[in-house]
Amino acid sequence: MFEFVRKHNKLFQFLLLLLILPSFAFVGMQGYTSMMDGANAGVASVNGRKITQAEWDAAQRQQSERVRQQNPTVDTKLLDSPEAKRQALEGLVNERTLKVAAEQQLFTPTPEAVAARFFADPQFAFLRNADGTVNKALLAAQGMTPAIFLERLRQDYAVRQVTAPIETSGLVGTAAPKLAFDALLQQREVQIQRFDIKDFAGKITPSDADIEAFYKEPANAAKFQLPESAQIQFVVLDLDALKKDVKFTEDDLQNYYKENAARYGVPEERRASHILIKVDRKAPAEERAKAKAKAEEILAQVRKNPADFAALAKKNSQDEGSAGNGGDLDFFSRGAMVKEFDAAVYAMKQGEISNLVETDFGYHIIQLTGLRGGDKKPFDAVRGEVEAEVRKQLAQREYSAAAEQFGNLVYEQSDSLQPAADKLKLKVQTATVLRQPQPGAMGPLASPKLLEAVFGVDALRNKRNTEAVETGPSQLVSARVTQYNPARVPPLADVKDKVREQLVRKLASEQAKKAGEARLAALKANPADVAGLESAVTVSRAKPQALSRAQLEAVLGADAAKLPAVVGVSSDEGGYVVVRINQVQPRDATIIDDKRAAQQYAGAWARAEGQAYLAALKTQYKAVIKAAAPASAASAP
């Protein structure tokens with residue numbers, strides 16, 4: 001029989017193909033369709049346009065990446081929490097609502113307006129080349145073309161026009177901010193008496209019977225329970241693992257250095273002073289001519305006596321930010337100023353005075369007062385940086401192929417991580433993990449996704465490798481459980497010291513509270529009895545004086561109509577505090593003066609108005625969230 005099969009191998013392959021294809025056509029395509037339907041399922045909608053699961057996932061990834069860039073040490077489990085996912089979806093709905101509103105209200109900025117914003121806004125300076133064009137290389141690093149970037153800029157401009165009129169129209173006056181901040185930052189002079197656990201704990205000596213009884217109380221079982229854990233092996237594929245084996249020559253390093261010479265130099269900066277005569281480009285011709293004539297008159301004075309530039313700037317410049325400093329703008333890099341101003345400054349020589357330079361702000365007279373930087377570091381001085389960057393880029397190129405190979409190996413040889421480690425020259429590491437990341441966990445072991453896979457059915461019961469899990473940018477990890485330890489309550493003998501400690505703490509806390517409440521009652525009966533009270537201090541929300549949030553709010557919320565007043569509050573650590581309120585004081589003006597209070601109040605009011613308007617727009621354009629954020633990982637089998 002087997003000889004027949006061997007001789008007619010092609011025939012059997014054809015028969016198997018006939019059997020497999022129909023089932024794949026039905027099951028495989030159905031599965032593919034189901035998968036795509038899931039990715040394209042509507043999780044929300046705005047104005048009848050659905051937001052898909054795939055769009056939600058992309059928004060969540062972008063949100064996580066932004067947070068990682070701003071705070072590299074952030075706890076990764078927070079980025080993948082249901083709350084974070086819900087926030088990403090709500091942000092996506094808000095964005096779509098504002099876009100729809102911009103379309104419906106015909107807020108379409110002209111290409112000229114978008115370009116003007118790009119050249120005028122300092123936050124885009126790093127994206128501008130010396131000639132004013134967009135830096136394509138930097139955009140490419142962000143996955144964008146100039147066309148995509150300008151379209152996003154246009155959309156952002158349009159969206160801002162939707163809420164800007166609302167957020168800038170509020171008038172709050174002076175009385176409301178003063179009243180609000182007076183209440184928020186009110187100060188109170190108090191005397192505090194603390195009843196700390198440590199003052200009672202030293203006098204408590206529980207017996208063995210007391211400890212055993214406390215240990216056996218059903219309510220205390222969770223306090224002593226050891227959480228489930230798993231001993232694992234794991235391998236990590238990331239750029240660091242690939243960098244060490246990439247191949248390059250000395251010529252490669254030299255060529256990279258030459259192609260990226262600008263990165264290995266000190267950027268040139270220039271210092272300039274200017275005199276500005278303001279006039280809008282769109283102003284009437286007569287007004288513009290008048291401003292230009294005045295600027296030409298001042299230019300003639302400057303050329304006659306260049307040493308008087310600072311004095312003439314103080315007297316004539318209409319740039320409030322620099323006139324008081326004689327027009328000095330300090331040092332700035334190429335692209336930091338508007339296009340015409342920047343071009344003029346970087347074409348000048350030290351000490352030179354420009355002709356009139358026209359910008360959107362008016363007419364400028366510029367004097368170049370300083371130069372620094374612009375030096376190129378020699379190759380030998382930056383060879384280490386160049387090599388590190390070349391290794392990184394080569395590793396990045398190899399990563400996609402290595403990632404595919406890694407995923408296939410850990411799946412196809414699921415009973416061991418060694419084949420993948422050997423093939424890709426990775427190290428098999430070991431660790432003991434819990435279902436949730438442990439405090440202080442770093443790298444892959446802090447990834448909720450990896451831990452969810454480790455405690456999955458297949459990994460626990462069948463001891464198979466987990467799938468390749470993405471635990472960070474360009475980082476894949478697979479793990480294998482070598483031993484699973486279910487949650488359990490250990491014998492009393494193993495945790496007796498911990499039980500004793502918790503029992504003593506409980507009894508000490510009860511005694512501290514009892515003593516504190518007795519002192520509170522006595523002080524209410526005789527407010528003049530200040531024995532045991534600390535020296536008077538001033539507390540406020542800005543100066544809590546070691547009071548917890550709950551204690552501080554109790555003190556600031558106590559009725560101060562009749563003083564002295566007395567309050568008692570349990571402390572977060574289990575102790576108790578008694579507080580005697582002697583007097584109420586106005587807010588400290590050094591923390592926030594009336595002007596800043598009005599500004600902050602106006603800002604908060606504007607944001608509230610903007611949010612209220614956005615909520616109204618969401619109602620108008622029928623913004624609906626249909627899906628809830630995924631729940632946390634289920635308990636272990």
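The basis for the numbers below is simple: all heavy atoms, side chains too, and nothing from hydrogens, waters or symmetry mates.
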Check: Hey, is the main chain of Val457 close enough, under 3.5 Å, to the side chain of Asn462 for a donor-acceptor pair?
Finding: no

Notebook entry, point to check: Hey, is Arg49 close enough to Glu103 for a salt bridge, meaning N to O under 4.0 Å?
Noted result: yes

Notebook entry, point to check: Is the closest basic N to carboxylate O distance between Asp57 and Lys85 below 4.0 Å?
Noted result: no

Next item on the list: Just do the salt bridge (charged side-chain N to carboxylate O under 4.0 Å, His left out) check on Asp497 and Arg500 with the steps written out, would you?
Entry: CA-CA 5 Å; Asp497 290 343; Arg500 179 188 291 108; 3.1 Å; yes

Check: Is the backbone of Ala84 close enough, under 3.5 Å, to the side chain of Ser81 for a donor and an acceptor to pair up by distance?
Finding: yes

Notebook entry, point to check: Considering residues, nucleotides and ligands other than Lys427, do more than 12 of their heavy atoms fall under 6.0 Å from its NZ?
Noted result: no

Notebook entry, point to check: With a 4.0 Å cut-off, would you call Glu228 and Arg435 a salt bridge?
Noted result: yes

Next item on the list: Determine yes or no for a side-chain-to-main-chain donor-acceptor pair under 3.5 angstrom, with Asp494 supplying the side chain and Pro490 the backbone.
Entry: no

Item checked: Heavy-atom closest pair, residues Val46 and Ala623 -> CG2-CB, 4.1 Å

Notebook entry, point to check: Is any NZ, NE, NH1 or NH2 atom of the basic residue among Glu501 and Arg505 found under 4.0 Å from an Asp or Glu carboxylate oxygen of the other?
Noted result: no

Checklist line | Shortest non-hydrogen contact from Gln418 toward Val428 | finding: OE1-CG2, 3.6 Å

Checklist line | Within 6.0 Å of CD in Glu404, more than 12 heavy atoms from elsewhere | finding: no

Next item on the list: Kindly indicate, with the supporting measurements, whether the criterion side-chain contact (heavy atoms from CB on, under 4.5 Å) is fulfilled by Thr471 and Leu476.
Entry: CA-CA 6 Å; Thr471 56; Leu476 288 176; over 6 Å; no

Next item on the list: Quick one: do Glu90 and Val93 satisfy side-chain contact (heavy atoms from CB on, under 4.5 Å)? Show the steps, please.
Entry: CA-CA 5 Å; Glu90 289 175 350; Val93 169; 5.6 Å; no

Checklist line | Test log, rule side-chain contact (heavy atoms from CB on, under 4.5 Å), inputs Gln502 and Lys498 | finding: CA-CA 6 Å; Gln502 293 204 18; Lys498 182 178 179 181; 3.6 Å; yes

Notebook entry, point to check: Ion pair present between Glu95 and Lys99, side-chain N to carboxylate O less than 4.0 angstrom?
Noted result: yes

Next item on the list: Report yes or no: does Arg480 contribute a side-chain atom to a donor-acceptor pair with the main-chain N or O of Lys463 at less than 3.5 Å?
Entry: yes

Checklist line | Donor + acceptor pair across side chains of Gln254, Glu250 (<3.5 Å) | finding: no

Checklist line | Those residues that, when tested against Asn94, pass side chain to side chain contact (heavy atoms under 4.5 Å, CB included) (two or more places apart) | finding: Leu614, Lys618

Checklist line | Contacts of Ala441 that satisfy side chain to side chain contact (heavy atoms under 4.5 Å, CB included) - sequence neighbours left out | finding: Ala446

Checklist line | By side chain to side chain contact (heavy atoms under 4.5 Å, CB included) - contacts of Lys243 (at least two apart) | finding: Leu239, Asp240, Arg391, Lys392, Ala395

Next item on the list: Tell me, yes or no, whether the heavy-atom count around Tyr256 atom OH, taken from other residues, nucleotides or ligands under 6.0 Å, exceeds 12.
Entry: yes

Check: Is the side chain of Ser509 donor-acceptor paired with the backbone N or O of Gly574 at a distance under 3.5 Å, no angle test?
Finding: yes

Notebook entry, point to check: Does a donor on one side chain and an acceptor on the other come within less than 3.5 Å for Gln413 and Asp415?
Noted result: no

Checklist line | Side-chain (Asn465) to main-chain (Ala479) donor-acceptor, under 3.5 angstrom | finding: no

Checklist line | Leu253 versus Val386, closest heavy-atom pair with distance | finding: O-CG1, 3.5 Å

Checklist line | Test: Arg372 cationic atom under 6.0 Å from Phe331 six-membered ring centre, within 45° of axis | finding: yes

Checklist line | Glu412 and Asn408: side chain donor to acceptor below 3.5 Å | finding: no

Notebook entry, point to check: Do Lys244 side-chain atoms and Ala241 backbone N/O form a donor-acceptor pair below 3.5 Å?
Noted result: yes

Notebook entry, point to check: Would you say Thr619's side chain and Ala615's backbone share a donor-acceptor pair under 3.5 angstrom?
Noted result: yes

Check: Which pair of non-hydrogen atoms, one from Ala402 and one from Leu424, has the smallest distance, and what is that distance?
Finding: O-CD1, 4.0 Å

Checklist line | Side-chain donor-acceptor pair present, Gln60, Ser64, cut-off under 3.5 Å | finding: yes

Check: If only atom types and distance count, is the side chain of Gln438 paired as donor or acceptor with the main-chain N or O of Thr432 below 3.5 Å?
Finding: yes

Note to self: Using the rule side chain to side chain contact (heavy atoms under 4.5 Å, CB included), only one of Val433, Leu451, Leu417 pairs with Ile232; which is it?
What the structure shows: Val433

Checklist line | Distance-minimising heavy-atom pair for Phe406 and Ser478 | finding: CZ-N, 3.8 Å

Check: Between Val235 and Val477, is a side-chain contact (heavy atoms from CB on, under 4.5 Å) present by the stated rule, with each step listed?
Finding: CA-CA 6 Å; Val235 287; Val477 180; over 6 Å; no

Notebook entry, point to check: Is there a donor-acceptor pair under 3.5 Å between the side chain of Ser474 and the backbone N or O of Asp238?
Noted result: no

Notebook entry, point to check: Roughly how far apart are Leu92 CG and Thr52 OG1, rounded to 0.5 Å?
Noted result: 8.5 Å

Next item on the list: Report yes or no: do Asn485 and Ser229 form a side-chain donor-acceptor pair below 3.5 Å?
Entry: yes

